[in-house]
> 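Sharing a structure below in structure tokens format, with a few things to ask.
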Amino acid sequence: MKILAIDSSGLAATVALLDDEILTGEYTIHNKKTHSQTLLPMIQDMLRMADVEIQDVDAVAAAAGPGSFTGLRIGASTAKGLAQALDIPIVAVPSLEGLAFHFAGETSLVCPMMDARRNQTYYGIYDVSSGIPLPLQDQAAAPLEEAVEKINDLGRPVIFLGDGVPVFQDQLDQLVTVPCRLANAAVRYQRASSVAVLGKYYLEQGKGMPAKDFAPIYLRLSQAERERMEKGE
């Protein structure tokens, strides 16, 4: 089974191709170009280099959110368009579970954090010791202090990763009371290979869906929607 994975939920655009148990290809770009400029060319280049035709893909695994509203919409429209054209299923992989999977098998807890602006973070807390992320705190949007309080209450060593790490590093140093470490650049950001492997696992559990049923997980209103509500519109 060939699974094409897409993750545009964060700063990096990343795609991967998993062929049964073999990671055939992965392509990640982290620059200032928008995902709308990079995502489809990346998929085309990766498949060409892997000598795989798009018609050979059996399913699309997509990072479903939370994350950048624009990035999620671009990823969702790309995944839905491909799945619909090819008449294949989509499997939704929560963005933070995809991040947590980078550390599958670790005995420390894993806390992915994405910058949600206004001193808030998208975060989750996972036990990954079994090889699959098990949520001790489901994906949430919250002030950083609230997230850290829940981590401290668990009283276990923790690994932080995600684009929130460089944003909140000074505050984490001050607020976290449990043993912790920060992921290095190689495993800090989204990687579509993790989405692909988790996508295969979820697909085998019957969690695939038609393209029309897939929708991003935003967790909160967009800035434009918040501003309209504040104005009473």
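Heavy-atom basis, side chains included; hydrogens, waters and symmetry copies ignored.
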> Please report the C-alpha distance between R117 and D115 in whole Å, then the side-chain angles of each, then the deciding distance to 0.1 Å, and finally whether the side chain to side chain contact (heavy atoms under 4.5 Å, CB included) criterion is met.
CA-CA 6 Å; R117 311 296 182 187; D115 182 15; 3.3 Å; yes
> So, do I151 and M113 sit near enough that their side-chain heavy atoms are less than 4.5 Å apart?
yes
> So which atom in Y122 and which in L96 form the shortest heavy-atom distance, rounded to 0.1 Å?
C-CD1, 3.9 Å
> For R191, look at atom CZ and say whether over 12 heavy atoms of other residues, nucleotides or ligands are found less than 6.0 Å away.
no
> Determine, step by step, whether Y189 and T28 satisfy the side chain to side chain contact (heavy atoms under 4.5 Å, CB included) criterion, reporting the C-alpha distance in whole Å, the side-chain angles of both residues, the deciding distance to 0.1 Å, and the verdict.
CA-CA 10 Å; Y189 300 100; T28 299; over 6 Å; no
> Would you mind listing every salt bridge (Lys or Arg N to Asp or Glu O under 4.0 Å) that reaches into residues 128-137, with sequence neighbours excluded?
none
> Check the orientation of F69 and Y218. Use parallel for under 30°, tilted for 30 to 60°, and perpendicular for over 60°.
parallel
> Between the side chain of H35 and the main-chain N/O of G10, is any donor-acceptor distance below 3.5 Å?
yes
> Looking only at heavy atoms, what is the nearest atom pair of V60 and A79, with distance?
CG1-CB, 3.8 Å
> Between I74 and S8, what is the shortest heavy-atom contact and its length?
C-OG, 4.3 Å
> Cluster question for you: counting only ILVMFWY and a side-chain heavy-atom cut-off of under 4.5 Å, with indirect links fine, are L99 and I132 together?
no
> Show the nearest heavy-atom pair for residues G124 and P112, with the distance to one decimal.
O-CD, 3.2 Å
> Does E26, at its CD atom, have more than 12 non-hydrogen atoms belonging to other residues, nucleotides or ligands within less than 6.0 Å?
yes
> Check the hydrophobic clustering (I, L, V, M, F, W, Y; side-chain heavy atoms under 4.5 Å; chains of links allowed) and say if L82 and V52 are grouped together.
yes
> What are the two closest heavy atoms between A196 and L18, and how far apart are they?
O-CD2, 3.7 Å
> Drop me the distance from L161's CG to Q190's CD, to the nearest 0.5 angstrom.
8.5 Å
> Working to the nearest 0.5 angstrom, can you tell me the gap between T14 OG1 and Y27 OH?
11.0 Å
> Same cluster or not: V195 versus Y201, using hydrophobic residues (I, L, V, M, F, W, Y) connected whenever any side-chain heavy atoms lie under 4.5 Å apart?
yes
> Testing the basics here: between L39 and G75, what is the closest heavy-atom pair and its distance to 0.1 Å?
CD2-CA, 4.1 Å
> Is it the case that the side chain of S129 and the backbone of T107 share a donor-acceptor pair, with hydrogens and angles ignored and the cut-off at 3.5 Å?
no
> Could you state the interatomic distance from CG (L4) to CE (M46), rounded to the nearest 0.5 Å?
5.0 Å
> Determine the sole option in L198, V110, D127 for which the side-chain contact (heavy atoms from CB on, under 4.5 Å) test with P133 is passed.
L198
> Do any pairs count as a side chain to side chain donor-acceptor pair (under 3.5 Å) and have a residue in residues 86-97, sequence neighbours left out, and if so which ones?
S9-S95, E97-Y202
> Look up atom OG1 in T78 and atom CZ in R73, then write down how far apart they are to the nearest 0.5 Å.
14.0 Å
> Would you compute the distance between atom CG of D19 and atom NZ of K200 and round it to the nearest 0.5 angstrom?
10.0 Å
> Walk me through whether Q139 and M114 qualify under side chain to side chain contact (heavy atoms under 4.5 Å, CB included).
CA-CA 11 Å; Q139 297 189 137; M114 298 178 69; over 6 Å; no
> I need the full list of side chain to side chain donor-acceptor pair (under 3.5 Å) pairs touching residues 38-56, with sequence neighbours left out, sorted by first then second residue.
none
> If hydrophobic clusters are built by linking Ile, Leu, Val, Met, Phe, Trp and Tyr wherever their side-chain heavy atoms come under 4.5 Å apart, do L23 and V15 end up in the same one?
no
> Report the distance from atom OG of S77 to atom CG of L72, rounding to the nearest 0.5 Å.
10.5 Å
> Do the side chains of Q120 and E146 get nearer than 4.5 Å, heavy atoms only?
no
> Does any non-hydrogen side-chain atom of I6 lie less than 4.5 Å from one of I43?
yes
> Whether the side chain of D7 engages the backbone of A63 through a donor-acceptor N/O pair (distance < 3.5 Å, no angle test) should be reported.
no
> Quick one: which of D153, T121, V176 gives a side-chain contact (heavy atoms from CB on, under 4.5 Å) with V148?
V176
> Checking side chain to side chain contact (heavy atoms under 4.5 Å, CB included) for the pair L172/L144: CA distance, chi angles, key distance, verdict?
CA-CA 9 Å; L172 292 173; L144 177 66; 4.2 Å; yes
> Which residue pairs satisfy the salt bridge (Lys or Arg N to Asp or Glu O under 4.0 Å) criterion with at least one member in residues 173-186, sequence neighbours excluded?
E106-R181
> Sequence neighbours excluded, which residues qualify as side-chain contact (heavy atoms from CB on, under 4.5 Å) partners of A92?
A64, M209, F214
> Can you pull out every ring pair (Phe, Tyr, Trp, His ring centres under 6.0 Å) where at least one residue sits in residues 78-115? Sequence neighbours excluded, please.
none
> Would you mind checking if K2 and D58 are paired as a salt bridge, meaning a charged N to carboxylate O distance below 4.0 Å?
no
> Are more than 12 heavy atoms from other residues, nucleotides or ligands located less than 6.0 Å from atom CD of Q205?
yes
> Say whether F168 and L109 are linked into one hydrophobic cluster, either directly or through other cluster members, by side-chain heavy-atom distances under 4.5 angstrom.
yes
